[in-house]
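Scroll down for the structure; my scribbles are underneath it.
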Amino acid sequence: MSSSGFAPLPPSFYQAPVLDLARAMIGKVLVHVAKEGTLAGRIVECEAYRGPLDLAAHSAGGRRTKRTEVMFGPAGHAYMYFLYGMHWAFNVVAGEEGDPHAILVRALEPTLGVELMAARRNLPETSVQLANGPGKLCAALGLGASAYGLSLKGPRLFLAEGQRRAALGRSPRINVDYAGAWAARPWRFYERGNRYVSVRPRD
DNA sequence: GAATAGATTGTCT
DNA sequence: GACAATCTATTCT
């Protein structure tokens, strides 16, 4: 148990095929121990990206650059990327070393540090929009470039135990229409009925 | 509720 | 120089 009161999941948790890991991550708790306080939320939505074959992945075709480098390393590390000029997104690196797989965390149900999240997001503490999107959750938790490549063994940033409370839902991934047939694959996972899921599923 | 446009910058062609 | 695994405000219906 760390000083944050949460115990990081063991490295073995991340030693699973990327689709299995994505499923297993729903209900787990993402914890960021920041200077200003500890922030945490249940993962209620995520998406699997399986390069080099998956054309929706940043590592499509085996593209290995400064940005994608951490995806080629061992599982259980943070892959951060910046997009649209103003948003950060948080991913968990998955797969064997050399397999550039990752899981984008798309939405959290805030559980700890809600006051600080609300301040960072300039929203009421009761708002459902604190962390219901990839960019929003990074803003709420204060995650950015400095989190790139961090090991999820902790103690600063890690996943902790947590339970899924409703059935697992699946759908195609969001905003990857450019990926052709890969865009249709049901590689987005979410907790059914959870109001913090970002894009209303068809359920 | 749905559709649209604008913001703004690191990364790659 | 183009564009992106997005978010927000605005303008409809």
Side-chain angles (χ1 to χ4, degrees), chain A residues 18-19 21-23 25-26 30 41 43-73 75 77-95 99-110 117-124 126-150 152 157 159 169-190 193 195-203:
Chain A
V18 63
L19 292 171
L21 179 55
R23 272 184 280 261
M25 278 171 53
I26 298 297
L30 174 61
I43 297 171
V44 297
E45 179 184 353
C46 65
E47 290 177 354
Y49 287 85
R50 202 175 69 183
L53 296 178
D54 178 6
L55 292 182
H58 292 157
S59 55
R63 200 167 49 166
R64 185 167 187 162
T65 65
K66 187 165 188 174
R67 180 173 70 148
T68 62
E69 181 62 29
V70 71
M71 273 197 278
F72 289 83
H77 290 253
Y79 166 45
M80 306 295 305
Y81 66 88
F82 185 68
L83 83 171
Y84 295 112
M86 60 187 81
H87 302 296
W88 284 94
F90 166 78
N91 301 247
V92 173
V93 174
D99 294 334
H101 302 171
I103 297 159
L104 170 67
V105 176
R106 287 192 54 90
L108 299 179
E109 174 182 333
M117 292 188 202
R120 285 182 160 150
R121 295 272 299 125
N122 195 26
L123 288 169
T126 52
S127 174
V128 74
Q129 306 198 90
L130 288 178
N132 67 337
K136 297 179 196 178
L137 74 90
C138 285
L141 265 57
L143 296 175
S146 65
Y148 183 94
L150 281 185
L152 301 180
L157 181 64
L159 300 193
R170 293 185 69 158
S171 83
R173 295 170 292 182
I174 306 298
N175 287 340
V176 294
D177 298 342
Y178 58 84
W182 293 89
R185 300 214 168 199
W187 286 1
R188 172 183 184 234
F189 300 91
Y190 57 91
R195 54 197 230 101
Y196 294 92
V197 170
S198 70
V199 178
R200 198 172 298 273
R202 259 189 249 191
D203 267 339

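Proteins get letters first, then strands, A, B, ... in listed order; numbering begins at 1 in each. Side chains included, hydrogens not; waters and symmetry mates left out as well; all remaining heavy atoms used.
If you measure from atom CE of A:M86 to atom C1' of B:dT11, you get 16 Å, rounded to the nearest angstrom. B:dG10 atom C1' lies 12 Å from atom NE2 of A:H58, rounded to whole Å. Taking atom CG of residue A:N122 and atom C1' of nucleotide C:dC7, one finds them 14 Å apart after rounding to whole Å. In this entry the distance linking CG of A:L55 with P of C:dA4 reads 14 Å, nearest Å. The CZ atom of A:R106 sits 11 Å away from the P atom of C:dA5 (whole-angstrom rounding). Taking atom CZ of residue A:R64 and atom P of nucleotide B:dT11, one finds them 17 Å apart after rounding to whole Å. When rounded to the nearest whole Å, the span between CH2 of A:W88 and P of C:dT6 equals 15 Å. As rounded to whole Å, 8 Å separates atom P of C:dT8 from atom CG of A:N132.
Close to B:dT11, at under 4.0 Å from its OP1 or OP2, lies no side-chain N or O of A:R63. At C:dT8, one or more side-chain N or O atoms of A:K136 fall inside 4.0 Å of OP1 or OP2 (strictly under the cut-off). Contact check, A:N175 against C:dT6: a side-chain N or O comes under 4.0 Å of OP1 or OP2. OP1 or OP2 of C:dT8 has at least one side-chain nitrogen or oxygen of A:R121 nearer than 4.0 Å. Phosphate contact (OP1/OP2 of C:dA5, side-chain N/O of A:Y79, threshold under 4.0 Å): absent.
As judged by a 4.0 angstrom heavy-atom cut-off over every strand, A:A56 is placed among the base-contacting residues.
Counting heavy atoms from C-beta outward, A:L157 and A:L141 have side chains that stay 4.5 Å or more apart. The closest side-chain heavy-atom distance from A:Y148 to A:E69 is below 4.5 Å. A:Y49 has its side chain within reach of A:R173: a pair of non-hydrogen atoms, C-beta onward, lies under 4.5 Å apart. Counting heavy atoms from C-beta on, the side chains of A:P110 and A:R121 never come closer than 4.5 Å.
By the 30° and 60° cut-offs, the orientation of the rings of A:H58 relative to A:Y81 is perpendicular.
The ring of A:Y81 does not lie on top of the base of C:dA5; it is either too far (5.5 Å or more) or too tilted (30° or more).
Distance from the side chain of A:Y178 is smallest to C:dA5 among B:dC12, C:dA5, B:dT8. Residue A:F82 places its side chain closer to B:dG10 than to any other of C:dC7, B:dG10, B:dC12.
Pair assignment for C:dA5: none, as no Watson-Crick or G-U wobble contacts are both less than 3.5 Å.
You won't find any donor-acceptor pair under 3.5 Å spanning the side chain of A:Y84 and the base of B:dA7, going by distance alone.
Residue-to-nucleotide proximity on DNA chain C shows that, of A:V176 and A:Q129, the 5′-proximal contact is made by A:V176.
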